[in-house]
There are 2 protein chains.
Amino acid sequence: MAATVYKALADPTRRRILQLLRERDMTAGELAVHFESSKPTLSRHFSVLSNADLIQGTRDGNRIIYRLNVTVLEEALLTMMNMFSIEIVGGDKNEQ
Amino acid sequence: MAATVYKALADPTRRRILQLLRERDMTAGELAVHFESSKPTLSRHFSVLSNADLIQGTRDGNRIIYRLNVTVLEEALLTMMNMFSIEIVGGDKNEQ
DNA sequence: TCTGTATTTAGCTATTTCGCTAAATAGCTA
DNA sequence: TAGCTATTTAGCGAAATAGCTAAATACAGA
């Protein structure tokens, strides 16, 4: 896993973006509705996530649709679990 | 989970510290042997990890022994898994 | 109390990060 | 092409981060 992934996950706005994309693909504008930051600021967050390969954007005419790279996120977390030799049993949901 | 945990995990030196402490408790000096950074620099890394409650230091005479808070680290990673609705099956070991 | 060892705190610098506004780019429709 | 919408890029400032050296603190032993 690239080191960029950890940095990408370190920011609360970016974690929230990933959570939103977990539910469905969204355009930059749709995502922006959920935040108070300016669009340029969010755009840079997108690019950080994109560089970490956690999300991927495809242009659709006027807009850019972002989707979560689920497997990359999964592998990143599993790698961390292994890195620290954490064993798993079960689990619930939600939290920030 | 506190936001400080994510920041703490974002630095490679600090991840390595956690890995080393996963194997056994170590003094600041013992840990320092594994790195090229100066001791003051490492000391600040210890305090970042400590503020995130990921490690705990106890004075033993001259030295300070650091130990990993395994459960805190475990819960942090599980919280992330849940945050992103990641399901788990099995797993191997190691990687950085 | 003096000396030595272990560690942290203080203070500095360089780099990175995050936020903003303004401007540029990309694509649509008329 | 002109005008509109969506998004990114450029450029700036403030704050955070990580590194260093020097100095301070804490403890042990003579």
Side-chain angles (χ1 to χ4, degrees), chain A residues 1-21 24-69 76 80 96, chain B residues 1-21 24-69 76 80 96:
Chain A
M1 167 171 49
T4 51
V5 172
Y6 296 101
K7 299 272 190 161
L9 291 173
D11 183 90
T13 297
R14 289 194 290 264
R15 289 195 299 276
R16 185 83 185 109
I17 291 169
L18 295 177
Q19 272 190 315
L20 289 168
L21 292 179
R24 65 176 180 85
D25 298 354
M26 293 176 87
T27 67
E30 286 175 321
L31 283 166
V33 169
H34 295 81
F35 300 92
E36 295 186 343
S37 302
S38 69
K39 299 216 176 149
T41 293
L42 288 170
S43 180
R44 199 159 38 69
H45 282 309
F46 300 150
S47 89
V48 170
L49 290 168
S50 197
N51 287 337
D53 201 32
L54 284 166
I55 69 175
Q56 202 165 338
T58 55
R59 184 169 280 277
D60 172 39
N62 221 2
R63 304 162 305 174
I64 294 177
I65 300 175
Y66 283 104
R67 77 170 174 74
L68 179 65
N69 277 348
M80 292 186 78
Q96 169 86 325
Chain B
M1 168 171 48
T4 51
V5 172
Y6 296 101
K7 299 273 190 161
L9 291 174
D11 183 90
T13 297
R14 290 194 290 264
R15 289 195 299 276
R16 186 81 186 111
I17 290 169
L18 295 178
Q19 272 190 315
L20 289 168
L21 292 179
R24 65 177 179 85
D25 298 354
M26 293 177 88
T27 66
E30 286 176 321
L31 283 166
V33 170
H34 296 81
F35 300 91
E36 295 187 342
S37 302
S38 69
K39 299 215 175 151
T41 293
L42 288 170
S43 180
R44 198 158 37 69
H45 282 307
F46 299 151
S47 89
V48 170
L49 289 168
S50 197
N51 287 337
D53 202 31
L54 285 167
I55 68 174
Q56 203 164 338
T58 55
R59 184 168 281 278
D60 172 39
N62 221 3
R63 303 160 305 173
I64 295 177
I65 300 175
Y66 283 104
R67 77 171 173 74
L68 179 66
N69 277 348
M80 291 186 80
Q96 169 87 321

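So that the names make sense, note that chain A is the first sequence line, chain B the second, and so on, each numbered from 1.
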*asked:* Before you tell me yes or no, could you show the steps for B/Arg24 and B/Glu30 under side-chain contact (heavy atoms from CB on, under 4.5 Å), namely the whole-Å CA-CA distance, both residues' side-chain angles and the distance that decides it to 0.1 Å?
replied: CA-CA 11 Å; B/Arg24 65 177 179 85; B/Glu30 286 176 321; 3.8 Å; yes

*Between CG of B/Leu54 and CG of B/Leu21, what distance do you get to the nearest 0.5 Å?*
10.5 Å

*Interatomic spacing from CD1 in B/Ile17 to CZ in B/Phe46 - rounded to 0.5 Å*: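 One gets 5.0 Å once the value is rounded to the nearest 0.5 Å.
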
*Protein-to-nucleotide contact annotation, 5' to 3' order, nucleotides 3-15 of chain D [B base; S sugar-phosphate only; - none; under 4.0 Å, heavy atom]*: --BSSBB------

*Using only side-chain N and O atoms of A/His45, determine if any of them is under 4.0 Å from OP1 or OP2 of C/dG19.*
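Yes, such a contact exists.
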
*With sequence neighbours excluded, tell me which residues meet salt bridge (Lys or Arg N to Asp or Glu O under 4.0 Å) with B/Arg63.*
B/Asp60

Can you tell me the distance, in whole Å, between the [atom1] atom of [X] and the [atom2] atom of [N]?
X       : N      : atom1 : atom2 : answer
A/Leu9  : C/dT17 : CG    : P     : 14 Å
B/Asn51 : D/dA16 : CG    : P     : 14 Å
B/Asp11 : C/dT15 : CG    : P     : 17 Å

_Contacts of B/Ala32 that satisfy side chain to side chain contact (heavy atoms under 4.5 Å, CB included) - sequence neighbours left out_ = B/Lys39, B/Leu42

*In chain order, what residues pass the side-chain hydrogen bond (donor to acceptor under 3.5 Å, both in side chains) check against A/Arg14, with sequence neighbours excluded?*
A/His45

_Expected output is a numbered-order residue list: members of residues 31-38 of chain A with a heavy atom under 4.0 Å from any atom of DNA chain C. What is it?_
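A/Ser37, A/Ser38, in order of number.
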
*So, A/Ser47 side chain and A/Arg44 main chain: donor-acceptor pair closer than 3.5 Å or not?*
yes

_Tell me whether A/Arg67 contacts the main-chain N or O of A/Ile55 through its side chain, where contact means a donor paired with an acceptor under 3.5 Å._
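Judged by distance alone, no pair lies under 3.5 Å.
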
*asked:* Here's a test for you: under side-chain contact (heavy atoms from CB on, under 4.5 Å), which of A/Leu20, A/Leu18, A/Thr13 qualifies with A/Arg16?
replied: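 With A/Arg16 as partner, side-chain contact (heavy atoms from CB on, under 4.5 Å) holds for just one option, A/Leu20.
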
*asked:* Show me, range against range, the stems involving DNA chain C, built from at least 3 consecutive Watson-Crick or G-U pairs below 3.5 Å.
replied: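 Stems for DNA chain C, defined as runs of 3 or more consecutive pairs: C:1-30 with D:1-30.
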
*Of all heavy-atom pairs between B/Asp25 and B/Ile65, which one has the smallest distance, and what is that distance?*
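In terms of heavy atoms, the two residues are closest at CB-CG2, 3.9 Å.
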
